[in-house]
Amino acid sequence: MGEIDRAIPLFEQSKHPADTDITGWNYYVEASIAFLKKDKKALNRYRDLLASVKKPEELNITDARGNPVAIEWPPNLNVVDSLVSCFNKSYKEAYAGCQQ
């Protein structure tokens with residue numbers, strides 16, 4: 001359990017100020033923490049909150065040459081979905097989608 005005890009504060013430290021979190025990063029962080037704490041109810045709640053994040057119309061992601069880059073929206077939803085579907089696995093296995 002030692003690694004989990006060290007990981008949770010690191011996740012907490014990675015949060016963005018709420019008023020600047022346009023991608024749902026904090027929901028991803030909270031979902032990850034819920035997974036580590038084995039709190040499935042909270043994990044599902046944060047998964048739903050992340051899934052509800054709308055892409056800002058003014059957000060245009062480009063590469064170094066200015067070419068548009070397509071990304072799945074919201075970011076990290078696929079990871080959180082893996083955490084949900086692989087809830088009884090280790091974080092490493094769940095993050096990889098239970099394919100190890």
Side-chain angles (χ1 to χ4, degrees):
M1 185 90 175
E3 289 183 22
I4 291 172
D5 292 339
R6 289 189 301 271
I8 291 172
L10 295 174
F11 272 111
E12 291 283 357
Q13 291 173 17
S14 76
K15 288 184 187 174
H16 297 175
D19 61 340
T20 66
D21 183 17
I22 62 169
T23 65
W25 173 259
N26 292 343
Y27 295 144
Y28 164 68
V29 169
E30 291 292 351
S32 299
I33 291 170
F35 177 87
L36 292 174
K37 290 182 173 182
K38 294 301 181 192
D39 185 344
K40 192 162 193 171
K41 184 177 178 181
L43 174 58
N44 285 319
R45 183 174 70 247
Y46 286 112
R47 186 260 172 227
D48 291 345
L49 288 168
L50 178 59
S52 72
V53 173
K54 303 291 183 221
K55 184 177 178 185
E57 290 182 27
E58 68 278 4
L59 182 65
N60 295 309
I61 301 171
T62 60
D63 64 17
R65 294 183 178 170
N67 299 313
V69 175
I71 64 166
E72 291 185 30
W73 195 267
N76 298 307
L77 182 58
N78 61 330
V79 175
V80 174
D81 282 342
S82 290
L83 297 179
V84 170
S85 64
C86 305
F87 185 73
N88 293 316
K89 302 287 185 177
S90 71
Y91 180 81
K92 181 179 178 180
E93 291 173 303
Y95 190 90
C98 305
Q99 297 178 16
Q100 294 191 351

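By convention here, the first residue in the shown sequence is residue 1.
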Closest approach of [X] and [Y], non-hydrogen atoms and distance?
X: Ala51; Y: Pro74; value: CA-CG, 4.2 Å
X: Glu12; Y: Val29; value: N-CG1, 4.4 Å
X: Ala34; Y: Leu43; value: CB-N, 3.5 Å

Legend entry - Pairwise distance CZ(Arg47) to OG(Ser52) - rounded to 0.5 angstrom: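 Atom-to-atom, Arg47:CZ and Ser52:OG are 9.5 Å apart.
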
Flag the pair [X] / [Y] as yes when at least one side-chain heavy-atom distance between them is below 4.5 Å, and no otherwise.
X: Leu83; Y: Ser32; result: yes
X: Leu36; Y: Tyr91; result: yes
X: Asp39; Y: Ile33; result: no
X: Glu72; Y: Leu77; result: no
X: Ile8; Y: Phe11; result: no

Inset, instruction - Applying side chain to side chain contact (heavy atoms under 4.5 Å, CB included), name anything that partners Thr23, two or more places apart in sequence or on another chain. - result: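 With sequence neighbours excluded, Thr23 shows a side chain to side chain contact (heavy atoms under 4.5 Å, CB included) to Asp21, Trp25, Trp73, Pro75, given in chain and number order.
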
Legend entry - Flag, side chain of Asn26 to backbone of His16, donor-acceptor distance under 3.5 Å: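 Flag set: sc Asn26 to bb His16 pair under 3.5 Å.
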
Legend entry - Exam field: side chain Lys89 to backbone Tyr95, donor-acceptor pair closer than 3.5 Å: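 Looks like no, no N/O pair under 3.5 Å.
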
Inset, instruction - Measure from NZ or CZ of Lys37 to the centre of the six-membered ring of Phe35, then state whether that distance is under 6.0 Å and the direction lies within 45° of the axis. - result: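 Ring-cation test returns no.
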
Inset, instruction - Would you kindly confirm whether Leu59 and Tyr28 end up in one hydrophobic cluster when ILVMFWY residues are joined by side chain heavy atoms under 4.5 Å apart? - result: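 Same cluster.
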
